[in-house]
Number of protein chains: 2
Amino acid sequence: MASRKEVTIYDIAKVLNISASTVSRGLSNHPAIRKDTIRRIKDMALSMGYQQNTFASNLRKNRSNTIGVILPRLDSSFQSSVVSGIEKKANQSGFNLIISQSRESVEKEIANIATMYSSRVDGLLISLTCDTCKLDHLDKFLKKGIPVVFFDRVKEYPGFHCSKVVIDNEKAGYDATNHLIEQGCERIMYVSDNLLSNVYSDRHQGYINALKHHKIQHDPELTFVNKLDEESGARTFSRLLQLKNRPDGIFAANDVSAVAMIYQFKQAGLSVPDDIAVVGFNNIHISRVIEPSLTTIHYPGVEMGEVAASTLIEMLNNDEPVIIKTVVLEHKLIVRKSSLKNKQILRAPSD
Amino acid sequence: MASRKEVTIYDIAKVLNISASTVSRGLSNHPAIRKDTIRRIKDMALSMGYQQNTFASNLRKNRSNTIGVILPRLDSSFQSSVVSGIEKKANQSGFNLIISQSRESVEKEIANIATMYSSRVDGLLISLTCDTCKLDHLDKFLKKGIPVVFFDRVKEYPGFHCSKVVIDNEKAGYDATNHLIEQGCERIMYVSDNLLSNVYSDRHQGYINALKHHKIQHDPELTFVNKLDEESGARTFSRLLQLKNRPDGIFAANDVSAVAMIYQFKQAGLSVPDDIAVVGFNNIHISRVIEPSLTTIHYPGVEMGEVAASTLIEMLNNDEPVIIKTVVLEHKLIVRKSSLKNKQILRAPSD
DNA sequence: GTGAAAGCGCTAACAT
DNA sequence: ATGTTAGCGCTTTCAC
């Protein structure tokens, strides 16, 4: 579909009466080229409308200048904020971004990994589906020396060490549960997605630790695993009805489901937090404005994206020492009304 | 950073004792190659772990198999759903996606356009910032025959015709305002972002049309332009206090600001909808669960992304007839509690 | 400090 | 139905 002939370094060379190699060097500020030659080359390139052909350059250098991103959902409040952070850093460092979403399907994730590989991304950022068990599809990346950085939904990768960017989900789960206990809850339900996923199992472990710490008997019946979408509230409610002793507190592993529950409870005439206290996870926008406002764990999405991208870019730029690290970002319990059984003074509304 | 030598079509050719071109043709199912030869080639490619070098292929074909996407924000509920739709279609058709966000900055938008150009995307999908006036940065795309499709935030592009995917914002603005009037509102405020942008100015025009249709005097003081973010509610509220006659209805050009207003009004002891009725725009998740639930205009994000991507891909695949079209997707007024002054029966909760 | 030349891996026009 | 050949535009080694 292209029409006009493109300007190449040969065209510039011809006009300036120098060789194409000098032009190539000049354009990339090679130290052996005289300053004024570089100037002449760049000026001419500009005035001729030269645009470097990245395919040729990539082919020659065997580097794509592109970072691949695979995540479960683009249309998720939290995840899109991570992408936003990734985009920001990548853009600053001159990397392009190829993005694809797995939509929580392991098959699609595998397909996406294959696409990223054949697109020859320089590095890969990935947040796994809830159901991902094996990571061997990533083998060829690491065997070839293409760095992979996991973020948020991560997994141990036997045989390979990869950098990770996460929060301390166990501690966060502890904090959330501990808060409910301090508010007087004695029978706390944990509403989760697939416990295969680190984010949900670690939060679960934190939940159990907090119970144990307060010498509260852990009742496995109170762990309810389901998809944490908008229908989650209704499912949890019907689950509640099946239980002999109704819980007096709920720790939901994400805000979307927590909000959906609050909605259900209110519909059913239950009072939040008096009948049942609720803590969510993510601090999405909605948690601030729902009524009662939702106590939740704040979790820095944009920063997570930025750190993940920086970590990868660092590996890409310094090819010498590959330092594998796990970056743990701070989370924070944001106390709002949905959990305040003891009516304390709320924090400043700026939270 | 790559280590092992890659398998090329020459390696396959040598093993099978045929020529590289036959391998190349076989791999892309060229009709002139015998079925069984194709089989042998593909089997061998698979067993040797062949991976096509897209740089070389792209260089040769002068096609990147990549679609560029530029939009204001990735971390916006609506926009990320559009991206989700784009990703879905692109992925189905074997296109990669390069995504960048302008963050509502015209400068960044221009820089992104330049990057997309030098990345040699096959086509571009773009939703403009609120402040974009001129489109000449896109000239080189169109002069070179690279198709550009606008979605959502679009603009007339003098000298070039491009396909667009939008909703009828004027009609939607009319519907929203008309609904408020039917509910008995007589002094309706329009809260908007920059009226340079089609989405906001068209909604504004619809607002005016509805007023006119009901013979209500249009008071320019009641159009309040500001950034439609979470702080918008507070700004609108202080604006309200400056007005002689307080409005009894608000049409906000997005849900985020509508929700923020409701929050403010409630804080200030005003009742929604009785003191002031509110209609938003976008039907984001939160509008369903806020109290009172928010009347809004539904607006199909994922579909918009899918249609935009399909439109572009169609142009990319059929290079003969370039049919320029504007696709207008359906919007829908979703009536909820925030606007119901006449307590009518609400629609089914499935809304 | 600059030039000549080879080659990255693929595709397609032109042969046969 | 398959092979030969040239070349996409760039980078880089080696030469001077």
Side-chain angles (χ1 to χ4, degrees), chain A residues 1-42 44-45 48-66 117-120 122 144 319, chain B residues 1-42 44-45 48-66 117-120 122 144 319:
Chain A
M1 235 184 174
S3 46
R4 292 190 310 176
K5 206 84 201 72
E6 301 269 334
V7 178
T8 73
I9 51 172
Y10 286 93
D11 301 324
I12 299 174
K14 205 174 293 167
V15 179
L16 291 180
N17 233 308
I18 55 180
S19 78
S21 19
T22 304
V23 175
S24 171
R25 291 186 184 109
L27 255 14
S28 50
N29 297 308
H30 190 111
I33 307 290
R34 281 217 317 275
K35 280 264 176 285
D36 66 308
T37 315
I38 292 187
R39 260 281 49 87
R40 282 169 54 226
I41 292 170
K42 290 201 173 171
M44 185 53 73
M48 293 176 72
Y50 170 76
Q51 194 79 40
Q52 107 129 286
N53 186 319
T54 44
F55 302 150
S57 173
N58 288 344
L59 173 59
R60 193 47 232 252
K61 295 197 293 191
N62 202 31
R63 202 181 201 265
S64 63
N65 220 41
T66 296
Y117 186 77
S118 65
S119 301
R120 285 181 156 71
D122 292 341
K144 212 179 146 195
D319 37 10
Chain B
M1 243 188 169
S3 46
R4 294 189 309 175
K5 206 86 201 69
E6 300 268 337
V7 178
T8 73
I9 51 172
Y10 286 92
D11 301 323
I12 299 174
K14 205 174 295 166
V15 178
L16 291 180
N17 234 306
I18 54 180
S19 80
S21 26
T22 304
V23 176
S24 172
R25 291 184 186 112
L27 255 13
S28 50
N29 296 308
H30 190 111
I33 307 292
R34 279 218 319 273
K35 279 266 178 283
D36 65 310
T37 315
I38 292 188
R39 260 279 52 84
R40 282 167 56 224
I41 292 171
K42 292 202 171 170
M44 184 54 71
M48 293 176 74
Y50 170 77
Q51 195 78 39
Q52 105 129 287
N53 186 320
T54 43
F55 304 150
S57 173
N58 287 344
L59 172 59
R60 190 50 230 252
K61 295 196 291 191
N62 202 33
R63 201 179 203 265
S64 64
N65 220 41
T66 296
Y117 186 77
S118 64
S119 300
R120 288 183 154 69
D122 292 340
K144 212 179 143 196
D319 37 11

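None of the values given here were measured: they were computed from a predicted structure. By convention in this document, chain letters (A, B, ...) are assigned in the order of the sequence lines, proteins followed by strands, and residues within each chain are numbered from 1.
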Report task. With heavy atoms under 4.0 Å as the rule, sort A:S57 into base, sugar-phosphate or nothing. Result -> sugar-phosphate
Query raised in the report: For B:T37 and D:dT2, is the shortest distance between a side-chain N/O and OP1 or OP2 below 4.0 Å?
Result: yes
Requested in this report: Would you kindly say whether B:S57 and B:T54 are connected by a side-chain donor-acceptor distance under 3.5 Å?
Outcome: no
**Report entry** Check: B:R25 side chain, D:dG3 base, donor-acceptor under 3.5 Å
**Finding:** yes
**Report entry** Spacing between A:N29 atom CG and D:dT12 atom P, to the nearest angstrom
**Finding:** 14 Å
Requested in this report: Measure from the side chain of B:T8, starting at C-beta and using heavy atoms only, and say which of D:dT2, D:dC10, C:dC10 lies closest.
Outcome: C:dC10
Query raised in the report: Would you say D:dT12 has OP1 or OP2 under 4.0 Å from some side-chain N or O of A:S21?
Result: no
Requested in this report: To the nearest Å, give me how far apart CD1 (A:I9) and P (D:dC8) are.
Outcome: 12 Å
Query raised in the report: Is A:Y10 near enough to D:dC8 that one of its side-chain N or O atoms lies under 4.0 angstrom from OP1 or OP2?
Result: no
Report task. Calculate the interatomic distance between A:K61 atom NZ and D:dT11 atom C1'; express it in whole Å. Result -> 8 Å
Report summary line: Per nearest nucleotide of DNA chain D, the residue lying toward the 5' end, A:Y50 or B:R40, is B:R40
Query raised in the report: Distance only, no hydrogens: is a donor on one side chain within 3.5 Å (strictly under) of an acceptor on the other, for A:N58 and A:S64?
Result: no
Query raised in the report: Can you tell me how far the CG atom of B:N53 sits from the CG atom of A:N62, to the nearest 0.5 Å?
Result: 7.0 Å
Requested in this report: Whole angstrom is fine here: how far is it from NE2 in A:H30 over to P in C:dG3?
Outcome: 13 Å
Query raised in the report: How long is the line joining CG of A:N58 and P of D:dC8, in whole Å?
Result: 18 Å
**Report entry** Phosphate-side-chain proximity, A:S19 and C:dT2, N/O vs OP1/OP2 below 4.0 Å
**Finding:** no
Query raised in the report: Taking OP1 and OP2 of D:dG3, is either one under 4.0 Å from a side-chain nitrogen or oxygen of B:T22?
Result: yes
Query raised in the report: Which nucleotide in the set D:dC8, C:dC8, C:dC10 lies at the smallest distance from any side-chain heavy atom of A:L59?
Result: C:dC8
Requested in this report: Would you please confirm or rule out a distance under 4.0 Å between OP1 or OP2 of D:dT2 and any side-chain N or O of B:R34?
Outcome: yes
Query raised in the report: To the nearest Å, how far apart are A:R60 CZ and D:dG7 C1'?
Result: 16 Å
Requested in this report: Indicate whether any N or O donor in one side chain lies under 3.5 Å from an N or O acceptor in the other, for B:K35 and B:N29.
Outcome: no
Query raised in the report: Distance only, no hydrogens: is a donor on one side chain within 3.5 Å (strictly under) of an acceptor on the other, for B:S19 and B:T22?
Result: yes
Report task. In whole angstrom, give the distance that lies between atom CD1 of B:I18 and atom P of C:dT16. Result -> 21 Å
Query raised in the report: Please give, in whole Å, the distance from D:dC8 C1' to B:N53 CG?
Result: 13 Å
